[in-house]
Amino acid sequence: MPAFFLTFVTVAAAMVAGRDALRVARLRATLGWTGPLIVTVVLAALAGAALAAWIARGLAPLIPADFKPVVVAVALGLAGLEVLLRTPPETPREPTRSIGAITLVLLLGMVTDASGFIILSLAIATGEALLAAAGGALGALTVLSGAIVAAQDWQALPLKTMRRVVGTGLLLAAVVIVIYNQ
């Protein structure tokens, strides 16, 4: 059960400070969609978390038990750097109206951004891929649903400060894991 809660909290924190929540909030504000955007978010979150857990199940037997904490530390470090260094993109002048394109962008973000690294690493380290995927999907759904509800108000949040705090926290967690497991 720790895999579920750890993944939920870290994915939610990374998503709040990350690019996808801002992207979803901007889409909601610009397009005015709620229903289709919720369906898209649910599909992307579930498929992205499932894909990260599936990859983790394949990689887990290849990684010796002594190195699994290092995998988590590296993933958290990469996630922290990504949150700190990758600033949100400019607001598009003409956002896409394609549900397929939006789903694909959110799915790829879920797998290749901080949230995907976190799900992958915690699934490998704990050996509980399904619980890590469930926690990650629920964390992503919680944040992205909040972004849909907030719409334009999401940008009123102190996003730069949140990125700094979350990114630094993820980096510190990585350092603590490395120091603790030496």
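In this text, all values refer to a predicted model and were calculated from it rather than measured experimentally. Sequence positions, counted from 1, serve as the residue numbers for this chain.
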Ala17 and Arg163: which non-hydrogen atoms are nearest, and at how many Å?
O-CG, 2.8 Å
Hey, any chance Val16 and Val165 share a hydrophobic cluster, counting ILVMFWY side chains that come within less than 4.5 Å of each other, even indirectly?
no
Gln155 side chain near Arg26 side chain, heavy-atom distance below 4.5 Å
yes
Kindly work out whether a path of hydrophobic side-chain contacts (I/L/V/M/F/W/Y, heavy atoms less than 4.5 Å apart) joins Phe67 to Tyr180.
no
Qualifying residues under side chain to side chain donor-acceptor pair (under 3.5 Å), relative to Arg28, sequence neighbours excluded:
Thr34
Value for CG (Leu172) from OG1 (Thr168), rounded to nearest 0.5 Å, stands at 6.5 Å
Report yes if some heavy atom in the side chain of Leu51 is under 4.5 Å from a heavy atom in the side chain of Met110; otherwise report no.
no
Is any side-chain heavy atom of Leu131 closer than 4.5 Å to one of Thr126?
no
Minimum side-chain heavy-atom gap Leu27-Ile102 below 4.5 Å:
yes
Answer whether the closest heavy-atom distance between the side chains of Leu106 and Leu43 falls below 4.5 Å.
no
Trace of the side-chain contact (heavy atoms from CB on, under 4.5 Å) decision for Val41 with Ile148:
CA-CA 9 Å; Val41 162; Ile148 290 171; 3.9 Å; yes
Would Val178 and Val70 count as a side-chain contact (heavy atoms from CB on, under 4.5 Å) here? Give the steps.
CA-CA 6 Å; Val178 168; Val70 174; 5.8 Å; no
So do Thr10 and Leu122 actually touch side chain to side chain, heavy atoms under 4.5 Å?
yes
With hydrophobic residues grouped by side-chain heavy-atom distances under 4.5 Å, do Val83 and Leu6 end up in a single group?
yes
Interatomic distance, CG@Leu144 vs CG@Leu22, rounded to 0.5 Å, equals 11.0 Å
Looking only at non-hydrogen atoms, find the nearest pair between Ala21 and Val143 and report the distance.
CB-CG1, 3.9 Å
Shared hydrophobic cluster, Ile55 / Val72 (ILVMFWY, side-chain heavy atoms < 4.5 Å):
no
Please give me the minimum heavy-atom distance between Ile119 and Ala52, naming the atom from each residue.
CG2-CB, 3.7 Å
Taking the side chain from Glu82 and the backbone from Ala114, do they hold a donor-acceptor pair closer than 3.5 Å?
yes
All heavy atoms of Pro36 vs all of Ile99, minimum pair found to be CB-CD1, 3.7 Å
To the closest 0.5 Å, what do you measure between CG (Leu170) and CG (Leu81)?
9.5 Å
Does the side chain of Trp154 reach to within under 4.5 Å of the side chain of Val24, using non-hydrogen atoms?
no
Evaluate the side-chain proximity of Ile177 to Leu76: yes if any heavy-atom separation is below 4.5 Å, no if none is.
yes
Measure the CG-CG distance between Asp113 and Leu78 for me, rounded to the nearest 0.5 Å.
12.0 Å
Same apolar cluster (I L V M F W Y, side chains within < 4.5 Å links), Val111/Trp54:
yes
Out of curiosity, Ile118 CD1 to Phe8 CZ, how far, rounded to the nearest 0.5 Å?
12.5 Å
According to side chain to side chain donor-acceptor pair (under 3.5 Å), who are the partners of Arg19, at least two apart in sequence or on a separate chain?
none
Between Gly167 and Leu84 the two heavy atoms that sit nearest each other are CA-CG, 3.8 Å
Applying side-chain contact (heavy atoms from CB on, under 4.5 Å) to Val71 and not counting sequence neighbours gives Ile63, Ser121, Ile124
Return the OG1 to CG distance between Thr40 and Leu104, rounded to the nearest 0.5 Å.
11.5 Å
Considering all heavy atoms of both residues, which atom of Ala174 and which atom of Gly77 are nearest to each other, and what is their separation?
CB-N, 3.6 Å
